Amino acid sequence: MFVLMEANILHADLDAFFASVHQRDDPSLRGKPVAVGGGVVMAASYEAKACGVRSAMGGATARRLCPDLVVVTPEFDAYVEASKAVFEIFRDTAPYVEGISIDEAFLDVSGLERISGTPPAIAARLRKRVRAEVGLAITVGVARTKHLAKVASASAKPDGLLVVPPDREIEFLHPLPVERLWGVGAVTAEKLHARGLTRVGELAALGEDELIEILGRASGRHVHSLANNRDPRQVDRVRRRRRSMGAQRALGRRMPRSRGALDAVLVGLIDKLTQRMRGAHRVCRTVVLRLRFGDFTRATRSQTVAEATAETEILLTAARELLDTAMPLIEDQGITLLGVSLTNLANDDAVQLALPLERQKARVLDATIDDVRERFGNDAITRAVLIGRDKGFSMPGLPD
Ligand SMILES: [Mg+2]
């Protein structure tokens with residue numbers, strides 16, 4: 001049977017990740033050539049790359065190529081924190097996320113069309129969210145295979161989005177330089193160049209035997225497959241049990257920051273998360289309130305409840321207490337993002353059923369709201385505190 005495969009694999013890759021984190025956190029570095037690490041360059045900003053600075057290059061060489069180079073000390077904690085925030089957005093975007101390094105991952109978005117839109121629309125929204133919520137540029141390639149998605153993101157850098165439609169794959173792939181093939185490094189490229197082979201299409205025209213003769217068995221086969229656009233690898237479908245669930249909302253410049261306005265955002269976040277948690281038959285014990293400020297510094301506040309639960313009311317109460325304690329900090333620092341993570345997750349079958357009547361009522365209410373929303377959509381029912389203000393807090397172009 002012939003099945004028309006759609007372009008539904010995303011390869012998302014942060015642009016000049018380490019250097020961009022420094023430029024994000026220190027505005028005086030923006031627009032300047034930045035190298036992370038002085039002895040050996042660990043990473044370079046696009047401005048530095050434009051002068052020929054590359055990672056793994058000696059610091060002296062880099063400074064010779066780029067006399068204005070600003071060398072900064074690595075800040076691993078900041079990279080890890082940014083990476084975690086980005087992966088949280090990845091996992092919020094797609095059910096299957098396969099991380100391949102600290103700053104890139106494949107996302108399988110097949111089957112999400114009705115809920116989240118087409119793969120290109122999902123990719124565009126992902127880019128906006130990473131920019132708004134983490135303050136970094138990310139490039140996304142969209143294609144039918146992992147290889148094409150990865151090559152597409154490399155071709156679209158920086159800060160780009162490139163979709164390879166299934167009927168134009170060869171047209172996209174064959175004119176590219178051989179170095180663009182995944183797994184073709186400097187040594188392999190040199191061997192190919194020595195034979196006068198510079199474009200992917202030229203490799204595709206060769207037989208597998210010829211490529212094996214030039215590159216050796218493993219590499220020859222690999223390059224032959226990729227040049228001929230054969231890549232059966234799937235996005236890793238091992239669904240890892242999540243240790244936390246999170247949602248966050250960037251606060252637009254004109255959005256009020258009063259306690260009441262922030263409370264409405266908080267209600268929306270808790271509502272969405274608890275609904276998702278109940279849908280996954282999970283419960284949690286710890287609520288973490290996450291705050292980000294104008295300079296991209298972050299703070300968290302957490303509280304653990306007496307017993308594991310997925311009840312909106314209990315978790316909202318805990319989150320509101322955290323918001324209260326954080327208000328002085330918020331007023332002082334200028335908040336730009338409010339987020340909630342529910343952690344210490346467990347399966348809900350362990351939760352005892354013998355609850356007091358009041359709690360049972362609350363559960364029935366939660367279940368009823370979930371049920372109505374499932375059947376009629378999220379807008380069908382709104383918690384009282386959100387009525388009339390919900391829409392005002394939506395980010396333009398972004399769904400909730
Ligand atoms: Mg990258």
Side-chain angles (χ1 to χ4, degrees), residues 9-26 29-37 40-57 62 70 72 74-94 97-109 122-143 145-164 176-177 179-186 189 226 233 235-236 296:
I9 295 177
L10 272 50
H11 178 256
D13 190 1
L14 289 159
D15 299 333
F17 176 46
F18 293 173
S20 298
V21 169
H22 289 274
Q23 289 180 318
R24 179 195 73 180
D25 295 344
D26 180 356
L29 296 175
R30 292 179 199 161
K32 297 216 178 107
V34 174
V36 179
V40 172
V41 174
M42 282 179 54
S45 71
Y46 281 96
E47 296 84 354
K49 287 180 184 177
C51 325
V53 176
R54 298 280 176 273
S55 39
M57 181 180 268
V70 185
V72 298
E75 299 267 6
F76 291 103
D77 291 349
Y79 310 148
V80 168
E81 191 183 32
S83 172
K84 279 185 183 166
V86 171
F87 271 76
E88 181 97 15
I89 298 174
F90 289 165
R91 283 188 290 265
D92 202 29
T93 301
V97 175
E98 180 187 338
I100 35 182
S101 75
I102 189 170
D103 74 326
E104 59 181 308
F106 289 108
L107 285 72
D108 181 343
V109 299
I122 294 171
R125 200 163 57 236
L126 172 66
R127 282 174 25 77
K128 269 192 199 170
R129 282 194 62 185
V130 171
R131 169 70 78 181
E133 297 173 24
V134 194
L136 295 173
I138 193 164
T139 296
V140 182
V142 184
T145 67
K146 283 166 93 168
H147 180 246
L148 287 168
K150 179 148 170 95
V151 174
S153 75
S155 303
K157 278 185 169 296
D159 204 9
L161 168 61
L162 182 64
V163 182
V164 182
L176 294 174
E179 300 86 315
R180 284 286 172 80
L181 291 179
W182 192 5
V184 172
L226 295 184
R233 292 170 292 184
V235 175
D236 187 358
F296 286 99

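On a predicted model such as this, the values are computed, not experimentally measured, just so you know. Order of listing sets the numbers, starting from 1, for every ligand and every atom in it.
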Tell me, please, which residues at least two apart from D26 pass salt bridge (Lys or Arg N to Asp or Glu O under 4.0 Å).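 Not a single residue meets the salt bridge (Lys or Arg N to Asp or Glu O under 4.0 Å) criterion with D26.
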So, using side-chain contact (heavy atoms from CB on, under 4.5 Å) as the criterion, who are the partners of A123 when residues are at least two apart?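 Partners of A123 by the side-chain contact (heavy atoms from CB on, under 4.5 Å) criterion, ordered by chain and then number, come out as L10, V140, V142, L161.
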What residues form a side-chain contact (heavy atoms from CB on, under 4.5 Å) with K157, not counting sequence neighbours? D13, D15, Y46, T139
R24 side chain to V134 backbone, donor-acceptor under 3.5 Å: yes
Mark yes or no for whether S83, through its side chain, and I102, through its backbone, hold a donor-acceptor pair below 3.5 Å. yes
Less than 2.8 Å away from the Mg ion (ligand 1), how many protein N/O/S atoms can be counted, ignoring water?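 Step by step: take the Mg ion (ligand 1), keep protein N, O, S below 2.8 Å, and you get 3.
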Spacing of T93 atom OG1 and F87 atom CZ [to the nearest 0.5 Å]: 11.5 Å
